[in-house]
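All remarks here apply to the structure that follows.
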Amino acid sequence: MSEKVSLNELKGALSTPVVASVATVEKKREYVRTVDKLGRAYATGKRKDAVARVWIKAGSGKVVINGQTQEVYFKRAVLRMMLNQPFQVTNRENNFDVMCTIKGGGLSGQAGALKHGISKALVGFEPDLRPVLKKEGFLTRDSRVVERKKYGKPKARRSFQFSKR
């Protein structure tokens, strides 16, 4: 009933299939250029409660936000600087026109959403820019949002003033 098999035969029989099954195939994800018939790349950026829908196309660096220029919409220079960060990192300043609509949140969240959307749209327009933008963290959605208010408290964690007597 039991056949005797030598140790060398057993090693030879096991080594080939095990090596073949362990071999892994590395897949590298390829990103393709996604541009519509008008030559625009579209992306959605989010930050806190703000959502920015962004279209970019080759141009002179004009930025239009909800029908207004960036100087009118974002009066603080820090917020305007945030919008230009993806272009500065990729050395594409004044190469693209940006048209976007933003809803929700405050100005700081809207600027962050617009930066996220511009970065994603740049990758859609030029997929080769992805490693640079990814390294700077511009493609990662900042998931921090406001903590909800709890019952029995005036805010999320704030308590009413304690009186000993």
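Start at 1 with the first residue, then count along the sequence. Since we're looking at a predicted model, the values are computed, not measured.
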Whether over 12 other heavy atoms sit under 6.0 Å from R141 CZ
yes
Acceptor/donor pairs from residues 44-51 side chains to any protein atom, 3.5 angstrom cut, sequence neighbours excluded:
residue, atom, partner, partner atom, Å
T44, OG1, Y42, OH, 3.0

Cluster question for you: counting only ILVMFWY and a side-chain heavy-atom cut-off of under 4.5 Å, with indirect links fine, are V89 and L122 together?
yes
Going by the rule salt bridge (charged side-chain N to carboxylate O under 4.0 Å, His left out), which residues pair with R158 if we only count those two or more places apart in sequence or in a different chain?
none
Donor-acceptor pair, side chain of Q110 and main chain of I102, under 3.5 angstrom
no
Nearest 0.5 Å, please: how far is CD in Q68 from CG in N66?
7.0 Å
Can you name the closest pair of heavy atoms from N95 and N91 and give their distance?
ND2-O, 4.3 Å
Only pairs under 3.5 Å count here: list side-chain donor-acceptor contacts from residues 30-40, not counting sequence neighbours, and write none if there are none.
residue, atom, partner, partner atom, Å
Y31, OH, R130, NE, 3.3
Y31, OH, R130, NH2, 3.3
R33, NE, F125, O, 2.8
D36, OD1, L38, N, 3.2
D36, OD1, G39, N, 3.2
D36, OD1, R40, N, 2.7
D36, OD2, R40, NE, 3.1
D36, OD2, R40, NH2, 3.1

Cluster overlap V64 with V72, hydrophobic side-chain contacts below 4.5 Å:
no
Main-chain N/O of G59 paired to K62 side chain as donor or acceptor, under 3.5 Å
no
Are more than 12 heavy atoms from other residues, nucleotides or ligands located less than 6.0 Å from atom NZ of K150?
yes
For F87 and V98, run side chain to side chain contact (heavy atoms under 4.5 Å, CB included): C-alpha distance rounded to whole Å, both residues' side-chain angles, the deciding distance at 0.1 Å, then the answer.
CA-CA 11 Å; F87 296 120; V98 178; 3.7 Å; yes
K75 side chain to Y73 main-chain N or O, any donor-acceptor pair under 3.5 Å?
no
Looking at D97 and S60, would you say the former's side chain and the latter's main chain have a donor-acceptor pair under 3.5 Å?
yes
To the nearest 0.5 Å, what is the distance between NZ (K115) and CG (L79)?
11.0 Å
Just do the side chain to side chain contact (heavy atoms under 4.5 Å, CB included) check on C100 and L114 with the steps written out, would you?
CA-CA 8 Å; C100 69; L114 187 51; 3.4 Å; yes
Is there a path of hydrophobic side-chain contacts, each under 4.5 Å between heavy atoms of I, L, V, M, F, W or Y residues, that connects L139 with I56?
yes
T101 side, atom OG1; I65 side, atom CD1 - distance, nearest 0.5 Å:
11.0 Å
Inter-residue atom distance F74.CZ - R76.CZ, 0.5 Å rounding:
9.5 Å
Where A156 and K153 come nearest, the two heavy atoms and their spacing
O-CD, 4.0 Å
Closest non-hydrogen atoms of A43 and A121, given as atom of the first, atom of the second and distance, are CB-N, 3.4 Å
Check against side chain to side chain contact (heavy atoms under 4.5 Å, CB included), E136 and Q85
CA-CA 10 Å; E136 292 294 323; Q85 282 179 338; over 6 Å; no
Would you call K155 and E147 a salt bridge, taking side-chain N to carboxylate O under 4.0 Å as the test?
no
For N84 and Q70, work out which heavy atoms get closest and say how close.
OD1-OE1, 4.4 Å
Pair E126-T90, side chain to side chain contact (heavy atoms under 4.5 Å, CB included): steps then yes or no
CA-CA 10 Å; E126 290 184 54; T90 57; over 6 Å; no
Answer yes if W55 and V123 sit in the same cluster of Ile, Leu, Val, Met, Phe, Trp and Tyr residues linked by side chain heavy atoms under 4.5 Å apart, and no otherwise.
no
